[in-house]
Structure formats: structure tokens, C-alpha cells
Amino acid sequence: MLMKRHKHPLLILALSLCRVSTAASPTADSDTVAPTSLSEVTIEARRQSSFVKPDNVSFIPSAMVTGNNGNVYDALRSIPEITVRSDGEIELNGTSKLTVYLDNRKFILQGTELLNYLKSTPVSNIAKIEISYVTGARADGQDSPTILNLTRKREKSSGYSAGINMDGQIYKARQFYGAAYGQYNTISHSINGSYSTYFAHNPSELLTNRPYLKSDERLTQKYHRLRKDRMHHAELTYDYHPTSRLSAGTALHYNYFNRKEPAVMETSVPLNDAPTITRNNALFRTSNIYGEVYVRRSSDSKESDWTAACDFFSHKSTERQFMEDNRLETVKGNMTGTTFGIVASFEFNKAISHHWSLSSGARCSYVGLTSSGIYSSTDGEIGGLGSSFAYKENVNALYLETKTSYGPIRATAGLRAEQSNHSNRFSGNESAAQSSVFTHYIHFYPSMSVMLNAAGSWSLSYTARVKRPGFSDLDPFIHIFDDITHVGGNINLKESTNHSLNLAWSDNSRIRIALSAEYTADEMVKCYRELTDKIVYVCPENLPRHITVGLSASTTDISIMSAWHLSASGNLIYSRYSFPESMSLSPNVLLSPLLDLTNIVSLPAGITAELKLSYRAPIVYGQVKTSSLFLSNLSIGKRLLNNRLALSLYVNDIFNTNHTKSTIYLNGREAYLYEKEFEDMRKAGLSVAFTFSGGTKASHDTRDTWIDELNRVNL
């Protein structure tokens, strides 16, 4: 039961005095009630799981049934309006991308590596999950207009604390997650360590149906895949804070991921006598090491502070493929990649007066990537298809931001300047000759926001951002996904620019209403082109523009009955993608309503039940239009042993409806995808979390522990 229990000392004292007074002065009245001894008084109040403001919404995992146990990945998926895709993309309302921050610093990993981190981190280590709709000049130039910040728990009492988390799921997709963590604090030192492991068997089914030749004949493919995942994650952090004004620390993280992916594909091509059966056995391995070192100093008056930090990461990956069809023709693939990056940053904050403050900073980053791949086959069509790719990126940035507050008005204005250099080199027998691209940019990104506290709170903000191509998006090496689908990168991708405007109102407690608009030029989207009547080539391209307008309203923890609380959010999203003339496609336009309902019911015996219902109307992504979607999740949780033990039983996707049908528009013709990822469909699970601690002496240090995270890597 998600309750706070308080033994109110004043109430206990008052009742005790009344009891003593009655015993000392007996009355002659024979009807007087005999004194009763009360050992303690307990006051119970339900904890609020989310807090709403015009510029941000915060969620408290420890007050949520579905977000209290297990890993951060499961906690994020339990939050209304957030979708975590299998490729590591995190979306808000089905369209807007979220940039992930950790302790108010942009997180080092993205894509599948970010997904692995979220699955390996216990949610009990996270104190707050916050969605920020207003970003200033301090944010990186390529951050999305909306930021998802994870705030880690920091124990401020001397002594030790430790805990374990376990989560198991059954049905078609089976998985087990386990984590152990510990922390030890003194007045000047703090050390944290954790280890987690993750095992999963995730099957999926995919059916494609698309035009073939210039006739009514259709090419179809049935695809069955089983992902066998194994992951290990370990981290160690150390903080040193000799005084309340000075702190320093370091952290080291290691992640290992292994995936075996056997698959069977049945391809039916018109005019062929029999379908082609292809078996594909793929093996993926990645290992990441990343860390950071920082020093922070504040003045005696707390009016100024500065922070210097240095971050690094190293990533290695290998991929093996072996495909064989029923004609005994084989294809073998061998791909490898390494990435290294380092970032140095400095930030300074100064309170100029009671009404004005100033922030400034500088950052310099370098990232280098090399990858190579080769295919060989027995049918002679592929031969020794291979290439190598090298990428280097250097970004230097300066920012200046000022904040002011007068009465009910708060305002922020800032400017960020970024100078970037990018060089790509691609060679091999996939290209006629060596291909090299060098680009140099200097951009200025303004930002502003105004907040007014009147009849609630109003917020108006504007920001300009850039989106740079990810490293894997640039590598032109062609991955043979199957007989009819080839996937590759685009070495000629350009940066895209985004302008975002947001107007919001909140009662500062439970209600938020917002109107937002985004315009993106040269939007980078995965595109589908027909190379032949059989093969479709999938790669990212720059589209001329993408326009999004959204109207949203949300309310949290509304009391329907004393034991029933409801949180609801509704969104109306207008999205329009425009395509280059070479694709001969009309704009993809759609208006999509979205609805999320979360019901929390307090049951007897301290049990809490949570029922989540979601509806997604069809949504567009570039050339793709998805079908509508309905999802329902049920969880039942209880806390025991003075809240140290948390148990949760849950069933996700009760009606087994969380699968998608997508339409892909191909130059006047349409292709269809029917996809079932059983990892996201119906499954039942049990989560267990147990924490214990020792030592009660309060720490003399009142600092907010700060750990820096690396600016960007797109693996």
C-alpha cells in the first residue's frame, strides 16, 4: 500500500497528558469511562505519484505500483504518454523524441545502448523522473525540445544501505532481471556500487505484403524471429566532499550485451513455383566502458559556483550473420565497429543581484568511429561485398544565459554558439571509388521563456535546435536483413534544424493544458525505396520539412472516491511530412487523438491496484502510417517489513492487442507490415524489491551530489 505513516509527536504528547490528567483527578461520576492507554498514533496519507507544472511534469517511481520495482525501462513504459521503442528511441505522445538526461546532464548513450542501460538499472536507484518542456541555452544544441531527466537517489545519512531487485516475466516472451546495489557514506566520502543482469527470450512475427512488378500480384513474406538476450552491467562511483563548498568525484561503468537471433523467413514471389525458405542465424556482441571525473566549487555565500568535468567512453561491437535457403545457397556476414569519445566541459553560475543571475559554459568534444563489414555468398550475386567506414566529429560550444524574476514574473533568455567539424571516409567494393565528405558548421541557437504566476502558472517558451546524423545513420554499408530488405546508412545526410514554441498553463498541482508547435527543416527520417521489383532499400534521408502541432490536457491523482484516484491525459496531434520531388509522394498528413487513463485503487490489507488504459489513433512517421492501438495493464502491489520489501504482480497487455499494422507509401503503391513483438504484448510477471540500511548519524554535508554525464554518443 502506497502510504506514508507518521507518528506525530505532538499528538502523542497531547493524548499522553490527557491520560495522565484523567488518572490523577478521578471524578465521582460513576459513568466516567476508564482511562485507555495508547501506545502510538498513526496518521496515513496517500503519496502523490506525480506533480504538474506548466514547464515540467515529475513522476515519483516509489509512489507508483508499476514503476516501483524492476528496472528503469519498465518504469518509463508505465508513464502515460511515453513510448520506448525496440531501437532505443523514447517518444512522447507517439511523435516527439525525448533526449535522456541523468542528474541534469545529458546521458552518454543512445539507441540500443541506451536501451540496454535502462534495462540493467534498478528503478529503486531513481528518485524522480521528470519531463521538461522548456530547455535553455545550457542544453546541447542537438537536444530535442523536450528532455527526460532521471534523478538518482542519494543517501545523506552516514552508514550503509543496500538492496536487491528481481523481476520475472512469463508467457510467450520470458525474461528475468536481477540487481544488487550498495552505498556507504561518511561525512566526507560516499561510494556506490551495483551489479545487474538481464536474460530474455523475445519472439516476434512479421508479415510483409507489397506490390510486385506492375500488376496486381503481391509479394509476401512471413518472418519468425527469436531474440535470446543476455546482459551484465556494473558500475562504481566515488564522491569526495571535504566541505559544503567543494566536491569531487569519479565514476566507472561497464556494460556487456550478447544477443543470439535465429530467424526463419518464408518469401512467396509471384510466378515462382514454391516459396523460398531462408534461415538466418545472427550473433551480436557489444561492450561499453564509460566514465567521468568532476570537480565542483561554490562560494561561501552560495551566490556562485563552477564545475569542471571530463568524460570518456569506449564502445566495441561485433555482428555475425549466416543465412541459408532451401536451395542450399548461403550468405555469410562479418561486421565490427569501435567508437571512442572524450568531452571536456566547464560551467559557471553567478547571482548578480536579488533579481538577476547569469550562467555560462564551454564544452569541447571529440568522437571517432571506425567500422568494417564484409559479405560472401555461394550464389555469386554478392561475391565479396565489403567496405570500411571512418567518422570523426569535433564540436565546440559556448553558451550564455540570464535569468530574472520580478514579483510573479520569471524570464530566461540565452544564446548558444556551436562550431562543428565532421569528416566521413567510406571505401570498399560497395562503391566505385573512395568517398570522403567533410562538413563545417557554425550555428547560433537562441532560447527564451517567460513564466507568470497568476490564476495558476503560465509558461511561454521558444527554442531552436539542431539534429545531427547518428554515426550508424551515416555508414553506407548495406546490411542484408533478408532476401527482400536491405538496410544501410547515408553518407550525405545533412543536419536538420528545429524551431519549437510551447504555451502552457497549470494549477501547479494536478492540471496542465498545453499548446505546442514544431517546425523541422531537413528532417531525418528512415525512408523506403524500391531498388528492384524484389528488393526494398531502407536508409535515412533528409525530408524537406516536418510540421507538428499538439494540444494536450492532463490531470493527476484526482480523487474519484476515497480509495480510488484517477490520472488522465488527452492529446490531439497534427503531423505533416513533406517529401522531395524524386520520391513522387504526396505529403503524409494526419490528425491523431491519444488518450491515457491510470486508475489507482487502495484495497484492504494495504494492497494497491493499478489499471492503465491507453488508446493511440493512427500516427504517421515519414512514409509510414501506423494503425490504431489499445493497451491495458494491471498491477497489484504491497509493501511489507516497514516498507523495506515491495512485491508486485502484474499482467501487461491484458487483451493481447499491442501489435501494429503499418502502411508504407511507395511511389503510388502501398506496402503493408503486420508486426507482433511479444516482448511488448501480453505477459505476466512478479517483481520483488528489498532494501536495508545501517547507521543513523545525520551527515553534516547538505550538498546535492552531482555526477556529470557525457554529452552525446549515437552508436
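Side chains included, hydrogens not; waters and symmetry mates left out as well; all remaining heavy atoms used.
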Apply side chain to side chain contact (heavy atoms under 4.5 Å, CB included) to residues Asp55 and Ser132 and explain how you reach the verdict.
CA-CA 6 Å; Asp55 58 342; Ser132 297; over 6 Å; no
Apply side chain to side chain contact (heavy atoms under 4.5 Å, CB included) to residues Glu418 and Arg363 and explain how you reach the verdict.
CA-CA 9 Å; Glu418 290 194 352; Arg363 179 183 65 86; 4.1 Å; yes
Determine whether Asp140 and Tyr399 satisfy the following criterion, side-chain hydrogen bond (donor to acceptor under 3.5 Å, both in side chains), listing intermediate values before the conclusion.
CA-CA 9 Å; Asp140 184 49; Tyr399 81 87; over 6 Å; no
Begin from the C-alpha positions of Met451 and Val134 and carry the test side chain to side chain contact (heavy atoms under 4.5 Å, CB included) through to its verdict.
CA-CA 11 Å; Met451 290 192 65; Val134 178; over 6 Å; no
Hey, mind stepping through Ser287 and Tyr254 against side chain to side chain contact (heavy atoms under 4.5 Å, CB included) and telling me if it holds?
CA-CA 7 Å; Ser287 60; Tyr254 175 76; 3.9 Å; yes
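Remark: the backbone N or O of Met231 is paired with a side-chain donor or acceptor of Thr197 at under 3.5 angstrom. With hydrogens and angles ignored, the 3.5 Å screen pairs a side-chain donor or acceptor of Ser299 with a backbone N or O of Ser304. Formation of a donor-acceptor pair under 3.5 Å by the Ser459 side chain with backbone atoms of Ala504 is not found in this model. Side chain of Thr556 to main chain of Ser567: no donor-acceptor pair is present (N/O by atom type, distance under 3.5 Å, no hydrogens or angles). The main-chain N or O of Asn421 is never found under 3.5 Å from a side-chain atom of Asn394 such that the two would form a donor-acceptor pair. Side-chain atoms of His422 do not come within 3.5 Å of backbone N or O of Val395 as any donor-acceptor pair. Panel note: side chain Arg512, backbone Pro54; a donor-acceptor pair is recorded below 3.5 Å. Side chain of Asp557 to backbone of Arg510: no donor-acceptor contact under 3.5 angstrom is found.
Remark: the Ser457 side chain and the Ser506 side chain contain no N/O donor-acceptor pair separated by less than 3.5 Å. Counted by atom type alone, Thr463 and Ser500 present zero donor-acceptor pairs between their side chains at under 3.5 Å. Defined by atom type and a distance below 3.5 Å, a donor-acceptor pair is present between the side-chain atoms of Tyr391 and Glu393.
Using cut-offs of 30° and 60° on the angle between ring planes, the pair His232 and Phe199 is perpendicular.
Note that the CD1 atom of Ile131 and the CG atom of Leu92 stand 5.5 Å from one another [nearest 0.5 Å]. Atom OH of Tyr198 sits about 6.0 Å away from atom CG of Asp229, to the nearest 0.5 Å. Separating the CZ atom in Arg465 from the CG atom in Asn498 is a distance of 9.0 Å, to the nearest 0.5 Å. Considering CG of Leu452 and CZ of Arg410, their distance stands at 10.5 Å, rounded to 0.5 Å. Going from atom CZ of Phe51 over to atom OG of Ser58 covers 8.0 Å, rounded to the nearest 0.5 Å. Considering CG of Asn258 and CZ of Arg285, their distance stands at 5.0 Å, rounded to 0.5 Å.
Residues Pro446 and Tyr462 are in side-chain contact: their nearest non-hydrogen atoms beyond the backbone lie under 4.5 Å apart. Residues Val450 and Trp458 fail the side-chain proximity criterion, which asks for heavy atoms closer than 4.5 Å. The shortest side-chain heavy-atom distance between Leu118 and Leu150 falls under the 4.5 Å cut-off. In this structure the side chain of Pro61 reaches within 4.5 angstrom of the side chain of Ile129, judged on heavy atoms. Using a 4.5 Å heavy-atom cutoff, the side chains of Leu369 and Thr339 are in contact. Side-chain contact check for Asp239 versus Tyr294: some heavy-atom pair is nearer than 4.5 Å. Inter-residue side-chain proximity for Glu130 and Leu148 is flagged as unmet; no heavy-atom pair is nearer than 4.5 Å.
Ser449 and Ser461 make their closest contact through CB-CB, 3.9 Å (heavy atoms, listed as atom of the first residue, atom of the second, distance). Smallest separation of non-hydrogen atoms from Asn508 and Gly456: ND2-C, 4.0 Å. Thr151 and Asp103 make their closest contact through CA-OD1, 3.6 Å (heavy atoms, listed as atom of the first residue, atom of the second, distance). Considering every non-hydrogen atom in both Ser144 and Thr99, the closest pair reads N-OG1, 2.8 Å. Smallest separation of non-hydrogen atoms from Asn165 and Ala689: OD1-CB, 3.7 Å. Between Gly606 and Lys638, the shortest heavy-atom distance links the atoms O-CG, 3.8 Å.
Close placement of the His189 and Tyr240 rings is indicated, their centers lying within 6.0 Å of each other. Annotation: Phe313 is not in aromatic contact with His315 [ring centroid separation under 6.0 Å not met].
Arg468 forms no cation-pi arrangement with Tyr441, by the criterion of a distance under 6.0 Å to the ring centre and an angle within 45° of the ring axis.
Glu347 has a carboxylate O that lies under 4.0 Å from a charged side-chain N of Arg138, or vice versa, which qualifies the two as a salt bridge.
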